[in-house]
Each structure stands twice: as C-alpha cells, then as structure tokens.
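Structure, as structure tokens:
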Amino acid sequence: MTSKRSSIVPETVPRDSLSHVVLTPSLAPYKILLLAFIAAYCAGILPKKTHRPLLATIVKYIEGPEAYGEEQQRRGIPTLRGILHDITQACVAADAQDGEHNAKDIEARALHGLWTLKSLDSLNTFMTRAKSLVVKNMAAGNALISKVKSNERPAFLLTSASFLGKFVIRCTTVYESLEYDKANLLWSGFVNFRRESMPKVNKEEFAARYFPTDPNDDPSVLKSILQKMRNGETNLTKDVILVSQEDLSQLVHHQLQQLERHGTSTPPKLKQIFQNMAQVEAGKIPQIHYIRYLECVRKQDYEGAFNWLHRYFDYRISTREGSFYHYALLCLASLHAHFHNDGEAIRAIEEAIAVAREKKDLDCLSFLLTWLFNFMKDRPYLEHDFYVSNAQLIEFLKSHADVGTKSLHSMAYQSDAALLMMEGGPVSMTLESLTKSLYITLNGSDDSSTFGTYCALYSSFWFRQGNYHLADVYDEVISKLTTHKSEQVKVGIRKAHLLFHHGEMNKAFEQLVNLKKNLPSDANLMKDLLTHEGILTVRLLLNTNELDEAQICLNRLQSQTHIGVDIEGTLSELECDLEVKLGNLVQAYEMVNERLRTFAKRGSTTFWFLRFNILKCQILSMSSSPARALSASIQCLNSTLSCGYSVLILQATVQVCSVLFKLSQFKDCEELLSASLQMFEGNLNVQLMGELYKLLGCSLMELHFTDDNLDREKNITKVIKCFELATDRFRSMGMLKDSCDCLELQLNFGRRIGNHDIVNHVEQALHKVKMMDKGADHLHMFGAQHS
C-alpha cells in the first residue's frame with residue numbers, strides 16, 4: 001500500500017447534526033463484530049493461545065451489562081474501540097509476554113472482517129455464512145465435515161444448543177426477519193460503528209503490519225474497497241446509532257440498580273443516548289423515565305422529578321392495567337417527602353395504603369407501613385389518623401410481614417428496635433429485636449441492604465449506649481458492605497462524631513473534609529454533611545469559648561430547615577449551652593422548659609426529654625440555692641437508669657454528684673463517682689471523663705482536710721492523678737479554660753498541703769496551658785474555617 005493516506009479515506013468525517021438513536025428488537029452493529037470473532041474462531045485462523053481471552057470477552061458481551069466491567073458500564077453501548085480494548089486486556093492478563101501481540105493479531109482479523117463488508121449484499125452473505133457454522137448436534141456436524149474438502153473444513157462447528165450457537169442463531173434469525181428499511185438502517189448503523197477505526201486502516205503500513213503472511217488477504221483489495229466506500233460514508237449527514245432494545249433495557253435496568261443501591265450517576269454516553277432518542281422510542285423502555293426522575297431528585301429539581309415520575313407510571317399503568325398504581329403513589333409520597341412537602345406525602349401514602357388494602361397486596365402494604373413508620377419517626381409533630389400508636393403499627397408488621405418476603409419481616413423487627421430506642425425501652429428487648437432481625441436476614445433474605453440497615457441501627461444503638469468501639473465496628477462493616485454514597489456519607493458522619501467525642505477533633509474534621517471531596521452531585525447529601533460539620537464546629541467553638549463565632553454558626557444552622565428529631569434536639573441543646581456559657585441562665589431555663597413541653601407530647605422523643613431534664617437540673621444547680629436541684633437530679637438519674645441510655649446515665653450521675661459537692665456532701669459524692677468509674681471508662685466520652693475526674697479530684701481534696709480516716713499519702717496521689725487526668729481530657733477537647741481550672745485546683749491543693757514539688761510542677765504546666773490559650777490554634781484548624 002504505497003499511496004498517500006489522503007487518497008484512501010479522510011481521517012475524520014464531518015458530523016453536521018446530532019446522532020439519531022433508533023431501536024431494534026435485539027440486533028446491533030457490535031453483534032456483527034462478535035459474529036466476526038466467532039467466525040474467525042471457528043475457521044481456526046487465530047492462534048490457539050488467543051482462544052481463551054477472545055472467547056471470554058465474547059461471552060461477557062453476550063451476557064450483557066451485569067458481566068461488564070466498570071469501565072465498560074461507563075461507556076454504555078459497546079463500541080469498537082471498547083471491545084478491542086477489552087480483548088487487549090484479556091490477552092495481556094492471559095499471557096503477559098505475548099498478550100499484546102496476540103491482541104493485535106485479533107484486531108487485524110477484526111478490522112479486515114469489518115472493512116471487507118462493502119455493501120448490504122456483502123453483509124447478507126456474511127450472515128448466511130455465519131448461520132452455516134451452526135449444526136443441530138455433533139452427529140450432524142461430523143456428517144457435514146465429512147462432505148467438505150480438507151482444505152475448506154472449519155476447525156470448529158457450533159451446535160444449536162451451545163451458548164455461542166444460540167447467539168448466532170438468534171442474530172441470524174432476527175436479521176432474516178428484518179424489513180428492507182430496517183436492514184438498510186442496520187447497514188448505516190454498522191458503517192457508523194466501524195468509522196472510528198478509519199484512521200488505523202488508513203495508514204500506509206496497515207497491510208504490511210496486519211497481513212504479512214496470509215496469501216488470501218490482498219492489501220490491494222482492501223484499498224480498492226476503501227476507495228469505493230469513501231463517497232458513500234462521507235455523504236452521511238446524520239449519524240445513525242442503532243441500539244438493541246434488548247441491550248438497552250439491560251443497561252437501563254443495571255443503571256437503575258446502581259442509582260438505587262449505590263447512587264452512581266448515569267454515564268454520559270448513556271445520557272446522550274437518552275437525549276437523542278425520539279419520544280416514541282423512549283416509551284418502549286419506561287425505566288428511562290424513572291432514571292431521569294432519580295437524577296432530578298439528586299439535583300433537587302422538583303419540577304423535573306415530578307414530570308418524569310408521571311411519565312414513567314403513565315407508561316407502566318397503561319400497559320399493566322393499573323397494577324402499579326399503589327407503587328406509583330408510594331414513589332410520589334417519597335418524592336414529596338424528599339422535598340419536605342409533608343402534607344402531600346401524607347395524602348399520597350394514605351391513598352397508596354387504601355389501594356394496597358383493596359387489592360389485598362399484603363407485601364406492598366407491609367412495605368408502605370414500614371415506610372410510613374420511618375417517615376413519621378423523623379416527624380413526630382405531624383398529625384395523622386393512620387393508626388393509634390407506633391407500637392400498634394409495629395405489632396401489625398411483625399405479625400403479617402412473615403407471610404411475605406423475609407426482608408420485610410426483618411425490617412419489621414428493625415423498626416421495633418428503633419421504636420424501643422426512641423421510647424427508652426429496655427435494652428434487653430432492643431437487643432432481642434435486633435437479634436431476630438439478624439437471624440431472619442442471614443437465614444432467609446438475600447437482600448444485602450437489609451443487613452446494611454441492621455448494621456446502621458446497631459451502630460446507632462451502641463453510640464447512644466456510649467460504647468464507641470462497637471459503634472465503630474458496625475460502621476466499618478457497613479463501609480465495606482455498601483458502595484452507596486448516601487450510606488457511606490452517613491457512616492462517615494457517624495465516624496466523625498465518634499472521633500470528636502473521643503477527643504480526636506482534627507481527625508473528625510478531616511473525615512468530613514474527605515467526605516466532601518468524594519461526594520457526588522447530590523444536594524441533599526451535601527446539606528446533611530454541612531449540617532453535621534456545623535454542629536461539630538459549634539461544639540468546638542463552645543469548648544474553646546469562641547462564643548461570638550459559635551453564635552454566628554448556630555444562627556446559620558437554625559435558619560435552615562432540618563428533618564429529624566436528633567438534629568432538632570441537638571441544635572436546641574447547643575443553643576441552651578451557649579446561653580449558659582454567656583451567663584443568661586434565666587433565658588436558658590425558659591428555653592429548656594419550652595423544649596420539655598414539646599418533647600413531653602411525643603412518645604418517640606424520650607431520649608431528648610431526659611437530656612433536657614438533665615440540662616434543667618444543671619441550670620438549677622448553678623443558681624444561688626442548688627439544694628432545690630438535688631431531688632430533680634436524683635429523679636433524672638432514676639429515669640435514665642430505667643431507660644438504659646448509658647450516655648444520659650453518666651450525665652445524670654455527674655449532675656447529681658455536682659449538686660452533692662455544692663451541698664458539701666463530699667463523701668457521698670466521692671462514693672458515687674468511684675462506684676461509677678468503671679462505667680465511665682467504658683464509655684470513652686472524653687468530656688464526660690474530664691468532668692468526672694475533676695469532680696472526683698475536688699471531692700477527694702476536700703475529704704483530705706475533713707476526713708480523719710483517710711490515708712493521707714495515698715489520697716494525695718489520688719487527688720493529683722484525678723486532676724492530671726481531667727486536665728488531659730479537657731485539653732484534648734480544646735477546653736483550655738477547664739484545663740486551667742483543674743491546674744489551679746491542683747496548685748491550690750499543693751499550697752494547702754505545703755508540697756513545693758507539686759506547686760513548682762503545676763506552675764510550669766499552668767504557664768504552658770496559658771501560653772497555648774493565648775496563641776493556640778484551639779484545635780479548630782478545620783472547624784473554625786467553616787464556622
């Protein structure tokens with residue numbers, strides 16, 4: 001091939017208009033390439049060492065999107081470049097030394113096979129020959145081979161029952177049934193499919209590289225074919241992308257699963273196909289509209305999501321005689337709930353429940369009620385007349401879900417555990433429901449998402465119990481189990497809170513920053529992430545007494561709409577803590593009473609009701625007459641003990657001991673703290689530990705001068721150790737003022753007992769802490785920039 005490149009074909013072909021996507025029942029241009037590979041394999045013209053990687057790639061593309069790799073899934077509809085790339089990878093994996101050379105050998109045969117098809121007639125001849133490779137059985141194959149000359153015998157034949165044989169029969173049968181205009185369209189699509197290889201076959205060294213040894217391949221023939229085809233291909237004014245409806249349906253189904261399970265964005269190539277399809281073509285695969293609905297939800301586009309959801313169910317209901325109506329209403333309720341249209345969501349789910357009951361669809365009814373429970377537990381302020389109580393709903397789910405799918409039965413027990421956690425039920429009953437859910441999941445349900453929600457619930461349970469190690473273990477299980485971005489964000493947020501309460505605040509904010517970097521374009525997830533980042537920032541600013549900055553950050557958080565009792569309770573708690581820090585005790589007391597009146601009306605907010613009761617006792621104890629807070633604090637402690645919230649038990653214990661200390665009941669205070677010490681150490685809440693050790697040190701210090709039965713030497717060691725532990729805990733939380741207070745108490749103790757070594761040591765430590773307080777970063781190098 002000695003002519004110049006431009007004399008054969010141009011390297012690029014102008015594309016004057018957008019591609020036009022046309023659906024066929026099952027045949028697509030890339031399947032012609034697969035048939036060419038199969039023909040080359042059967043003819044025996046490829047080296048045996050290329051058979052395994054080639055056949056593996058062919059089988060992968062025949063099986064469809066579920067067998068594709070991640071890169072091919074992003075490419076969408078198979079392309080010539082993509083298939084050749086996968087063959088190269090398979091060859092290199094099979095033979096690291098000669099794999100690339102083998103791949104080029106296969107590529108040469110592929111390009112030769114594609115470009116020697118010069119018209120629709122030649123394509124028709126090719127399909128006829130491909131069909132002749134398939135025989136009924138081995139006996140028929142042997143009979144056929146015996147009639148063929150030895151130099152014309154194929155190396156292999158395919159039986160009609162084999163995997164490749166079925167594929168060849170299906171392709172050739174569909175081709176034979178095509179009308180003329182569809183066949184012509186297939187040819188146009190095939191021409192566009194192979195067009196991307198023009199620059200490669202156009203090179204002068206093509207013949208010398210790819211066809212050096214085979215006497216049957218004449219490079220001049222290829223050159224002549226390309227010259228004849230030049231005019232026909234450059235005159236195309238509109239690209240035709242022929243897509244198999246069967247393949248596109250599988251791709252759409254796979255992408256739908258990716259969106260629902262993992263939040264994976266639709267690949268750009270697939271989006272382009274959707275955009276270039278005519279409306280009548282898109283209607284053949286209604287799931288396309290559902291994908292567009294999910295994409296709009298991710299972008300917070302309410303109008304677009306509402307429009308595409310209606311289009312999707314218009315097609316589904318029109319073709320399935322209304323059997324999907326209650327599912328459509330469920331999706332509509334979810335859409336309204338996502339955009340905080342609670343009234344519309346309630347109306348939609350109410351109608352969905354009525355239709356499911358009318359149709360006696362028990363599985364759907366159980367799912368609807370589970371959805372309703374999860375919707376209402378985050379919005380306890382909503383009024384409804386669906387059921388008398390949450391407990392009544394859960395009992396219905398537990399008694400009826402077992403006749404349906406196992407995943408619904410498992411979810412019923414998870415809902416029961418969530419209800420017990422919200423209402424402060426016994427820990428043993430919560431663990432029993434969680435164990436039953438796990439048993440059903442492991443023995444009957446094949447839905448991995450059910451196990452993921454189980455782990456998330458268990459993590460929340462242990463977090464509230466103060467066992468941060470176990471909470472972190474379950475979060476690690478979820479992070480390895482799921483690839484869904486929303487689940488990963490929730491796990492990352494919980495981990496950041498765990499790190500913060502454990503005193504590793506820089507790592508906590510680094511965790512949130514890394515989450516933001518890897519977050520997809522999902523406005524809802526970003527809002528959740530920024531909300532929790534703001535909460536941790538306010539906590540840090542309160543610890544470091546940056547009260548003005550804390551006020552600004554908290555006002556910004558409160559100006560937004562938040563869904564969920566925990567977010568509502570946390571923001572109110574932070575607001576009360578800020579008022580206490582500012583010295584506005586009366587205003588803080590009024591705010592606490594207001595929140596208590598609100599939480600008292602809701603049975604599902606027991607945790608926050610008890611938490612604000614402890615805050616109320618704390619404010620009362622700071623008044624001029626702390627004695628009136630004693631009975632209320634003891635009552636809080638008894639309430640938390642009956643509910644099993646370990647974190648609240650410890651907070652109430654500290655509060656009772658604080659009142660006892662102010663009332664000079666040092667012995668009772670020391671005994672209660674010492675008895676609770678093991679529980680505190682297992683909790684791993686650094687701030688709580690600091691408060692305990694400070695209070696215990698103060699009690700022991702006062703007892704040192706009032707209790708004659710104490711061993712003075714041992715008690716001195718205990719006092720110093722308690723103050724040192726408290727100082728370290730407060731310092732790790734950025735609470736430098738509290739650290740200084742502990743050191744001042746230790747210094748005062750050293751002076752009172754006349755121990756100069758203690759005084760000198762504490763004075764040096766106090767000087768260092770005060771220097772840190774003046775020029776320190778206050779441990780909020782990450783948090784302050786977001787405040």
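Heavy-atom basis, side chains included; hydrogens, waters and symmetry copies ignored.
A pairwise comparison of heavy atoms in S177 and V174 identifies OG-O, 2.8 Å as the closest pair. Of all non-hydrogen atoms in V489 and L515, the two that sit nearest each other are O-CD1, 4.0 Å. What you find for A305 and L335 is that their closest heavy atoms are CB-CD1, 3.7 Å. In this structure, Y41 and L46 approach most closely via the heavy-atom pair N-CD1, 4.4 Å. In plain terms, the two heavy atoms of C455 and V477 that are nearest each other are SG-CG1, 3.7 Å. Residues P78 and F193 share a closest heavy-atom pair of O-CE1, 3.9 Å.
L178 contributes atom CG, which lies 14.5 Å from atom CH2 of W187 (distance to the nearest 0.5 angstrom). Atom-to-atom distance recorded for L117:CG and H112:NE2 is 10.0 Å, nearest 0.5 angstrom. Rounding to the nearest 0.5 Å places NE2 of H85 at 10.0 Å from OG1 of T79. Rounded to the nearest 0.5 angstrom, K60 NZ and L34 CG are separated by 11.0 Å. Atoms CD1 and CD, from I285 and E246 in turn, are 10.5 Å apart once rounded to the nearest 0.5 Å. Here L54 contributes atom CG and N102 contributes atom CG; the two are 11.0 Å apart, rounded to the nearest 0.5 Å.
Within the 4.5 Å cutoff, no side-chain heavy atoms of V252 are placed close to those of Y290. For the pair C171 and L27, the minimum side-chain heavy-atom distance is below 4.5 Å. A 4.5 Å side-chain heavy-atom check between I32 and L123 finds at least one atom pair inside the cut-off. You'll find the side chain of Y61 reaches within 4.5 Å of the side chain of D86, heavy atoms only. Annotation: side chain of I58 is not in contact with side chain of E63 (no heavy-atom distance under 4.5 Å). In this structure the side chain of L164 never reaches within 4.5 angstrom of the side chain of V134, judged on heavy atoms. In this structure, the side chains of E303 and D301 come closer than 4.5 Å at one or more pairs of heavy atoms. Counting heavy atoms from C-beta outward, L157 and C42 have side chains that stay 4.5 Å or more apart.
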Practice prompt. Show your working on side chain to side chain contact (heavy atoms under 4.5 Å, CB included) between L114 and L80 and close with a plain yes or no.
Written response: CA-CA 10 Å; L114 293 181; L80 175 59; 3.8 Å; yes
Discussion item. For a side chain to side chain contact (heavy atoms under 4.5 Å, CB included) check, start with the C-alpha distance between E107 and I87, then their side-chain angles and the critical distance, and finish with the verdict.
Written reply: CA-CA 9 Å; E107 182 181 11; I87 288 176; over 6 Å; no
Practice prompt. Could you walk me through whether L158 and I38 pass side chain to side chain contact (heavy atoms under 4.5 Å, CB included), step by step?
Written response: CA-CA 10 Å; L158 308 173; I38 293 173; 3.7 Å; yes
Practice prompt. Any chance you could lay out the side chain to side chain contact (heavy atoms under 4.5 Å, CB included) test for I288 and W308, step after step, and finish with the verdict?
Written response: CA-CA 9 Å; I288 291 176; W308 289 117; over 6 Å; no
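Applying side-chain contact (heavy atoms from CB on, under 4.5 Å) to C91 and the options T57, I106, D98 leaves one that passes, I106.
Checking side-chain atoms of S122 against main-chain N and O of S119 turns up a donor-acceptor pair under 3.5 Å. Under the 3.5 Å distance criterion, the side-chain polar atoms of N514 are matched with a main-chain donor or acceptor of E510.
For F367, the side-chain contact (heavy atoms from CB on, under 4.5 Å) partners two or more places apart in sequence, or in a different chain, are L330, L408. A search for ring pair (Phe, Tyr, Trp, His ring centres under 6.0 Å) contacts involving F313 returns nothing, not counting sequence neighbours. The salt bridge (charged side-chain N to carboxylate O under 4.0 Å, His left out) check on E176 picks up K131, with sequence neighbours excluded. Partners of K527 under the salt bridge (charged side-chain N to carboxylate O under 4.0 Å, His left out) rule, at least two apart in sequence or in another chain, do not exist in this structure. Residues forming a side-chain hydrogen bond (donor to acceptor under 3.5 Å, both in side chains) with D475 (at least two apart in sequence, or on another chain): S459, R494. In this view, F167 satisfies the ring pair (Phe, Tyr, Trp, His ring centres under 6.0 Å) rule with no residue, not counting sequence neighbours.
Ring geometry for F339 versus Y302: interplanar angle over 60°, hence perpendicular rather than tilted (30 to 60°).
When only modelled atom types and interatomic distance are considered, Y293 and N307 share no side-chain donor-acceptor pair under 3.5 Å.
Other residues, nucleotides and ligands contribute only 12 or fewer heavy atoms inside 6.0 Å of the CD atom of E100.
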